[in-house]
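Fair warning: this is a prediction, and the values are worked out from it, not measured in the lab. All values below were derived from every heavy atom in this structure, side-chain atoms included, with hydrogens, water molecules and symmetry-related copies excluded. First the proteins, then the strands, lettered A, B, ... as listed; each starts at 1.
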Amino acid sequence: METEAYPVGDAAGHAFRGQTRRNGSLYLTRGHAYVYFIYGMYYCLNVSSERAGIGAGVLVRALEPIEGIELMKERRGSSPVRDLARGPGRLTVAMAIDMRDDGVDLCTDPSLWLGVADSEYRGRVSATTRIGLSRERSRAWRFYERGSAFVSGPRLVSARSAS
DNA sequence: AAGAAGATTCGCT
DNA sequence: GCGAATCTTCTTA
């Protein structure tokens with residue numbers, strides 16, 4: 001798995017300039033989905049990360065497919081398993097995530113939810129700077145499973161930045 | 001009202 | 001490596 005944090009006060013975050021129609025789900029209680037449409041073509045999935053009324057979240061950039069691989073291949077058009085969900089746009093295609101999922105509670109909704117990581121993944125997380133930003137480039141707020149082939153960007157550990 | 005940029009991906013050079 | 005695809009949001013270049 002690969003994620004990027006967009007915490008409160010982050011100038012690169014969608015909630016930096018306050019709540020809008022688009023980013024409203026970032027202001028839901030932690031654990032809700034924030035889905036937005038980007039580049040006229042792709043959806044991106046985020047998880048709200050603060051209490052109600054505070055806008056912050058985590059972008060889910062990549063996943064390692066475990067189950068439902070055939071279905072994901074159908075949606076993605078026969079791409080290699082490694083590429084099914086390696087990248088935020090690919091991930092939402094493979095999972096059939098769109099604006100209908102915006103605002104759902106990922107802790108209780110039967111259609112889309114988050115589980116808890118197996119203990120074997122604990123301690124296997126590394127960090128780098130985030131991808132594709134023009135602001136706050138130096139923050140090492142991208143997190144991924146060290147050694148995994150199912151991540152979308154650099155797998156090197158960058159120098160830790162002050163936070 | 002109009003234009004530019006954007007947490008991307010894919011295909012072609 | 002570069003540009004197209006294609007649309008929402010924010011800013012006024």
Side-chain angles (χ1 to χ4, degrees), chain A residues 1-50 53-65 68-69 71-104 106 112 114 125-146 148-163:
Chain A
M1 186 172 190
E2 173 187 350
T3 61
E4 285 179 353
Y6 291 85
V8 172
D10 175 14
H14 284 186
F16 184 61
R17 289 181 182 78
Q19 189 166 356
T20 65
R21 181 187 284 98
R22 178 204 202 193
N23 67 19
S25 295
L26 282 176
Y27 291 78
L28 299 174
T29 304
R30 64 181 70 92
H32 284 73
Y34 162 48
V35 180
Y36 68 91
F37 193 49
I38 190 70
Y39 297 126
M41 195 170 261
Y42 296 103
Y43 299 97
C44 290
L45 171 67
N46 298 249
V47 183
S48 66
S49 59
E50 297 290 338
I54 297 183
V58 172
L59 169 70
V60 184
R61 287 193 57 89
L63 294 172
E64 175 177 347
I69 289 177
L71 181 54
M72 295 172 83
K73 281 185 174 178
E74 282 180 32
R75 293 169 176 152
R76 286 272 307 143
S78 73
S79 74
V81 174
R82 181 173 181 249
D83 293 339
L84 285 177
R86 191 165 61 85
R90 291 167 167 177
L91 181 153
T92 52
V93 171
M95 301 281 289
I97 290 168
D98 58 29
M99 295 312 292
R100 291 173 306 183
D101 298 297
D102 186 42
V104 309
L106 297 171
L112 184 63
L114 290 170
V125 177
S126 288
T128 70
T129 53
R130 295 175 293 184
I131 294 175
L133 300 183
S134 58
R135 322 175 63 170
E136 298 291 351
R137 305 279 299 266
S138 64
R139 304 294 194 178
W141 285 340
R142 168 173 171 261
F143 305 96
Y144 63 96
E145 181 191 337
R146 185 161 54 251
S148 171
F150 298 88
V151 307
S152 68
R155 269 162 273 154
L156 300 172
V157 180
S158 68
R160 177 180 296 282
S161 72
S163 64

At under 4.0 Å between heavy atoms, what does A/Arg21 touch on the DNA or RNA strands: base, sugar-phosphate, or nothing? nothing
From CD of A/Gln19 over to C1' of C/dT9, roughly how many Å is that when rounded to an integer? 15 Å
Atom CG of A/Asn23 and atom P of B/dA7 are separated, to the nearest Å, by 12 Å
Winner on side-chain proximity to A/Ser134, out of B/dT9, B/dG6, B/dA7, is B/dG6
Rounded to whole angstroms, how far apart are NE2 on A/His14 and P on B/dG6? 10 Å
Among C/dT9, B/dA7, B/dT9, find the nucleotide with the atom closest to the side chain of A/Asn46. B/dA7
Determine the interatomic distance between P on C/dA5 and the same-named atom on B/dA2; round to the nearest Å. 22 Å
Just do the side chain to side chain contact (heavy atoms under 4.5 Å, CB included) check on A/Glu145 and A/Met1 with the steps written out, would you? CA-CA 6 Å; A/Glu145 181 191 337; A/Met1 186 172 190; 5.6 Å; no
What is the separation between atom OH on A/Tyr144 and atom P on B/dA7, rounded to the nearest whole Å? 22 Å
Which nucleotide, B/dT8, C/dT11, B/dA7, lies nearest any side-chain atom of A/Tyr39? B/dT8
Mind checking if A/Phe37 touches a base, just sugar-phosphate, or nothing, with heavy atoms under 4.0 Å? sugar-phosphate
Spacing of the C1' atoms in B/dA5 and C/dG3 (rounded, Å): 16 Å
Using a heavy-atom cut-off of 4.0 Å across all strands, would you classify A/Arg90 as base, sugar-phosphate, or nothing? sugar-phosphate
Between C/dC10, B/dA7, B/dT9, which one does the side chain of A/Arg17 approach most closely? C/dC10
Taking the P atom in each of C/dT6 and B/dA1, what is the distance between them to the nearest angstrom? 25 Å
